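The structure displayed is predicted, hence computed values, not measured ones. Chain identifiers are assigned alphabetically (A, B, ...) following the order of the sequence lines, protein sequences preceding nucleic acid strands; residue numbering begins at 1 within each chain.
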There are 2 protein chains.
Amino acid sequence: MTPENPHYFRCLEALKGSIIFKDLDSIDIQHLIKKMTRIKWTAGVFKRSFEFNSSLHVIVSGRLKMYQINPSTGREHTIYILTKGDVFDVMHLMDNKTHDVYWETLDDLEILTISIIEVNQIIEENPKIYHSILKYIGHMMRMLEEESNDICLHNTLTRLSHLLLKHMDGESHQLKTINNLPNNEIANLIGTTRAVVNRHIQELKKAGAISVKRKHIDIENLDTLIAIAEEKYTNI
Amino acid sequence: MTPENPHYFRCLEALKGSIIFKDLDSIDIQHLIKKMTRIKWTAGVFKRSFEFNSSLHVIVSGRLKMYQINPSTGREHTIYILTKGDVFDVMHLMDNKTHDVYWETLDDLEILTISIIEVNQIIEENPKIYHSILKYIGHMMRMLEEESNDICLHNTLTRLSHLLLKHMDGESHQLKTINNLPNNEIANLIGTTRAVVNRHIQELKKAGAISVKRKHIDIENLDTLIAIAEEKYTNI
DNA sequence: AATCATCTGCTACTTTAGTAGTGGTTTTGT
DNA sequence: ACAAAACCACTACTAAAGTAGCAGATGATT
């Protein structure tokens with residue numbers, strides 16, 4: 001992708017905003033973006049990760065769900081929802097082993113692609129980028145660890161509350177990333193089912209913590225929500 | 001630690017066997033071990049990770065449980081059981097942020113310690129070590145991802161069977177690492193409670209998949225166990 | 001404007017997991 | 001050798017989560 005491209009600026013900005021690339025020098029980023037290709041995937045598209053083994057992708061806009069399925073029950077577990085600045089599949093980059101997961105676009109997705117070979121070249125030339133890679137992977141790994149702790153140590157209502165708090169914007173108190181998702185997708189994020197999520201949404205509503213419109217949750221009383229998340233709210 | 005130390009050879013061998021250091025040149029390993037100090041922690045000792053922020057540790061012998069607690073219920077979740085060649089705390093090395101978890105020694109533990117500052121120096125001098133670090137972290141991250149998928153997608157019996165299979169030695173069919181653990185600790189590994197684990201152990205016994213002595217499980221019929229783990233065994 | 005597909009809220013029900021407690025065995029420590 | 005502690009097997013019970021299904025609301029499509 002060259003500077004003449006009408007999307008160049010937006011793509012550059014996405015790279016500069018990502019944990020993994022933001023510490024690179026401006027010149028190095030421009031060098032990187034030159035080797036990348038812009039691709040669009042439409043919303044609702046399904047992919048298998050191992051078919052994209054030979055390249056690395058950076059999200060410029062839109063959301064991508066990374067998930068796993070239990071083939072005998074059809075149940076799904078969403079591992080991550082990746083957004084602007086996220087890189088995939090980082091697992092394959094780390095140990096070069098097959099990572100068999102499913103991807104599904106939640107919106108129209110705009111990504112920058114680069115071949116793994118070229119990534120490795122760039123890394124070799126700029127070993128300092130390892131530092132940012134570790135930082136990024138640390139971030140992802142903490143999310144995984146937090147999730148498994150959450151599921152093991154807390155019930156579904158607590159987990160739902162944690163999810164809402166985790167995705168709440170600190171200032172506007174609006175939900176980011178997960179707003180606009182149906183109950184079903186929320187369930188996949190916390191390891192339960194649609195009916196259970198809906199049951200708890202009704203409870204949170206009754207407690208006055210949230211209000212709900214179709215595919216939209218507003219946080220009405222943050223203190224209540226926090227109390228529920230910390231298992232200190234008794235009147236539920 | 002110097003070559004004169006009576007434990008030198010064993011420590012060297014532990015480093016050479018670890019994913020993270022095994023690709024280093026022999027000279028570099030010797031350089032590394034010189035800056036390390038050998039420490040012993042007795043079995044059953046409890047530690048808080050953030051008190052060891054400034055150093056990195058490599059296990060020479062023994063097992064260390066890394067876990068998290070729900071303060072309001074007292075329930076525990078074992079994140080990893082670290083053994084020979086494992087490095088901790090790798091999370092802090094990655095992003096330099098506090099990682100608040102608990103540690104408990106399951107055996108007498110023998111570790112090599114080195115200050116983070118010196119680690120960073122060594123890494124800077126040998127950027128190729130990043131490659132091994134990524135490989136090691138990838139390995140740990142896959143375990144986390146697998147665990148959270150497991151918990152979300154499968155019931156407790158299936159998870160117990162997965163645990164047994166995962167820790168089974170391919171040749172001897174003996175359990176490694178987790179043998180010698182009480183039901184309680186097994187429960188913490190798969191996100192459930194002692195009573196449930198025991199119930200399922202009785203089921204696996206009845207199905208002929210395993211036999212049990214005190215703190216010791218033997219796999220009697222691997223095919224049965226695999227069938228149960230794959231949710232294809234119906235007569236349970 | 002009518003149709004279709006998706007999503008929510010709800011009820012009734014089943015299954016699974018978790019809690020509590022107890023007697024008895026094995027191991028550990030003194 | 002004995003007492004104490006840890007652990008296992010088991011029962012009975014409770015609570016939580018999951019399943020199934022449906023009516024009505026909503027939004028998208030044609």
Enumerate the residue pairs fulfilling ring-ring contact (aromatic ring centres under 6.0 Å, His included) with a member in residues 197-231 of chain B, sequence neighbours excluded, ordered by first and then second residue. none
Sequence neighbours excluded, every pair satisfying ring-ring contact (aromatic ring centres under 6.0 Å, His included) that has a member inside residues 59-87 of chain A: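 Qualifying pairs, neighbours excluded: Y67(A)-Y102(A).
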Answer yes or no: is there a donor N or O on one side and an acceptor on the other, between the side chain of S148(A) and the main chain of S148(B), under 3.5 Å?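 Looks like no, no N/O pair under 3.5 Å.
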Backbone of D100(B) reached by a side-chain donor or acceptor of Q68(B) within 3.5 Å: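 The answer is yes, because a donor-acceptor pair under 3.5 Å joins these two groups.
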Using salt bridge (Lys or Arg N to Asp or Glu O under 4.0 Å) as the criterion, list what pairs up with R10(A), not counting sequence neighbours.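 For R10(A), the residues satisfying salt bridge (Lys or Arg N to Asp or Glu O under 4.0 Å) (neighbours in sequence not counted) are E110(A).
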Taking only residues two or more places apart in sequence or in another chain, which ones pass salt bridge (Lys or Arg N to Asp or Glu O under 4.0 Å) with D223(B)? none
Sequence-distant partners of N180(A), side-chain hydrogen bond (donor to acceptor under 3.5 Å, both in side chains), two or more places apart: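 side-chain hydrogen bond (donor to acceptor under 3.5 Å, both in side chains) check on N180(A) returns nothing, list empty.
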Got a sec, which residues hit side-chain hydrogen bond (donor to acceptor under 3.5 Å, both in side chains) with Y136(A), two or more places apart in sequence or on another chain?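 Residues passing side-chain hydrogen bond (donor to acceptor under 3.5 Å, both in side chains) with Y136(A): D86(A).
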Side-chain donor-acceptor contacts of residues 158-169 of chain A below 3.5 Å, not counting sequence neighbours, with atom names and distances?
{"from": "T158(A)", "atom 1": "OG1", "to": "N155(A)", "atom 2": "OD1", "distance (Å)": "2.6"}
{"from": "T158(A)", "atom 1": "OG1", "to": "E231(A)", "atom 2": "OE2", "distance (Å)": "3.4"}
{"from": "R159(A)", "atom 1": "NE", "to": "I190(A)", "atom 2": "O", "distance (Å)": "3.2"}
{"from": "R159(A)", "atom 1": "NH1", "to": "H154(A)", "atom 2": "O", "distance (Å)": "3.1"}
{"from": "R159(A)", "atom 1": "NH2", "to": "I190(A)", "atom 2": "O", "distance (Å)": "2.7"}
{"from": "R159(A)", "atom 1": "NH2", "to": "G191(A)", "atom 2": "O", "distance (Å)": "3.4"}
{"from": "S161(A)", "atom 1": "OG", "to": "L157(A)", "atom 2": "O", "distance (Å)": "2.9"}
{"from": "H162(A)", "atom 1": "ND1", "to": "D150(A)", "atom 2": "OD1", "distance (Å)": "2.8"}
{"from": "H162(A)", "atom 1": "ND1", "to": "D150(A)", "atom 2": "OD2", "distance (Å)": "3.1"}
{"from": "H162(A)", "atom 1": "NE2", "to": "A229(A)", "atom 2": "O", "distance (Å)": "3.1"}
{"from": "H167(A)", "atom 1": "ND1", "to": "L163(A)", "atom 2": "O", "distance (Å)": "3.0"}
{"from": "D169(A)", "atom 1": "OD1", "to": "E171(A)", "atom 2": "N", "distance (Å)": "3.0"}
{"from": "D169(A)", "atom 1": "OD1", "to": "S172(A)", "atom 2": "N", "distance (Å)": "2.9"}
{"from": "D169(A)", "atom 1": "OD1", "to": "S172(A)", "atom 2": "OG", "distance (Å)": "3.3"}

Are N70(A) and E76(A) close enough that a side-chain donor and a side-chain acceptor fall under 3.5 Å?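 No, no side-chain donor-acceptor pair sits under 3.5 Å.
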Of all nucleotides in DNA chain C that come within under 4.0 Å of a heavy atom of chain B, which is furthest toward the 5' end and which toward the 3' end? dA17(C) to dT27(C)
Need the bend value for the helix from dA1(C)-dT30(D) to dT30(C)-dA1(D): angle between end axes, 5 pairs each end, nearest 10°.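 The end-segment axes of the helix from dA1(C)-dT30(D) to dT30(C)-dA1(D) are tilted 60° relative to each other.
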Per-nucleotide protein contact string for nucleotides 6-11 of chain D (B base, S sugar-phosphate only, - none; heavy atom under 4.0 Å): BBBBB-
Please list, in numerical order, the residues of residues 70-79 of chain A that have a heavy atom closer than 4.0 Å to any atom of DNA chain D.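 When residues 70-79 of chain A is checked for heavy atoms under 4.0 Å from DNA chain D, the hits, listed by number, are R75(A).
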Side chain to side chain contact (heavy atoms under 4.5 Å, CB included) against R214(B), all qualifying residues, sequence neighbours excluded: none
